[in-house]
Enquirer: 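Below are the structure tokens for one structure; questions will follow.
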Amino acid sequence: AQKVTQAQTEISVVEKEDVTLDCVYETRDTTYYLFWYKQPPSGELVFLIRRNSFDEQNEISGRYSWNFQKSTSSFNFTITASQVVDSAVYFCALSGNNAGNMLTFGGGTRLMVKP
Amino acid sequence: DAGVIQSPRHEVTEMGQEVTLRCKPISGHNSLFWYRQTMMRGLELLIYFNNNVPIDDSGMPEDRFSAKMPNASFSTLKIQPSEPRDSAVYFCASSLGQGWYNEQFFGPGTRLTVL
């Protein structure tokens, strides 16, 4: 069975602050992929990143960075110098080689960035 | 490029009525997924298709729900008869290939309200 836990249900920061969204996962699969999606107030789910279980290199894309640590089963997401437009619900998700095409989502973290 | 298209965007109906939600996946994608999002249960996978064939429908709540994919560019999710507890946002997503490692691209969702 797969499980994704996002312990932070809501985070509130002031613009320009850095913020880290936590994601912890459980899987018995030997090969798996981790994903982050963003759901802005408009409601659609936007794909942000995919990371496979064999690649533990951190990734940076502009103000976004991701830290994958297999030893702690975590795939955390950091937004540097947050902006009001970053306000959204962020979902971490997991797909494993024995789970077919099924994505298991975490419960989401609602990020509110105040001006 | 056109993304995943869903219609209608909003649907309000009365208990007992039939509801049909529609989805057009991204051209060339051969996996299609139906999800339901509620505050209580988060994002749940209802069913997914690969090459128009239903692969896993274990998430379909009950016999009132049915899904079809008559061709590669169209899928429907039908609820008959609808009940107030079916009120949710229903998302359709598609991905390239049948790999569990491929990212899924989501449509804008259909917000269903059953009175």
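In what follows, every chain begins at residue 1, and chains take the letters A, B, ... in the order their sequences are listed.
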Enquirer: In Å, rounded to the nearest 0.5 Å, how long is the span from OH of B:Y35 to CG of A:L103?
Expert: 4.5 Å

Enquirer: Taking atom NZ of A:K70 as the centre, does the number of heavy atoms from other residues, nucleotides or ligands within less than 6.0 Å exceed 12?
Expert: yes

Enquirer: Let me know if B:E44 has heavy atoms under 4.5 Å from chain A in its side chain, its backbone, both or neither.
Expert: neither

Enquirer: Give a yes or no on whether A:V46 and A:W36 share a hydrophobic cluster (residues Ile, Leu, Val, Met, Phe, Trp, Tyr; joining criterion: side-chain heavy atoms under 4.5 Å apart).
Expert: no

Enquirer: For B:K68, does the NZ atom sit with more than 12 other heavy atoms under 6.0 Å from it, leaving out its own atoms?
Expert: no

Enquirer: Keeping the roles fixed (side chain from A:Y37, backbone from B:Q104), state whether a donor-acceptor pair exists under 3.5 Å.
Expert: yes

Enquirer: Indicate, with yes or no, if A:L48 and A:V4 share a hydrophobic cluster defined by side-chain heavy-atom contacts under 4.5 Å among Ile, Leu, Val, Met, Phe, Trp and Tyr.
Expert: yes

Enquirer: On a heavy-atom basis, which atom in A:F105 and which in B:L43 lie closest, and how many Å separate them?
Expert: CD2-CD1, 3.8 Å

Enquirer: Could you see if B:I5 belongs to whatever hydrophobic cluster contains B:V89? Use Ile, Leu, Val, Met, Phe, Trp, Tyr and a side-chain cutoff under 4.5 Å.
Expert: no

Enquirer: Please tell me if the side chains of B:F106 and A:E44 come closer than 4.5 Å, counting only heavy atoms from C-beta onward.
Expert: no

Enquirer: Of the non-hydrogen atoms in A:F47 and B:E103, which two are nearest, and what is the gap between them?
Expert: CE1-CB, 3.4 Å

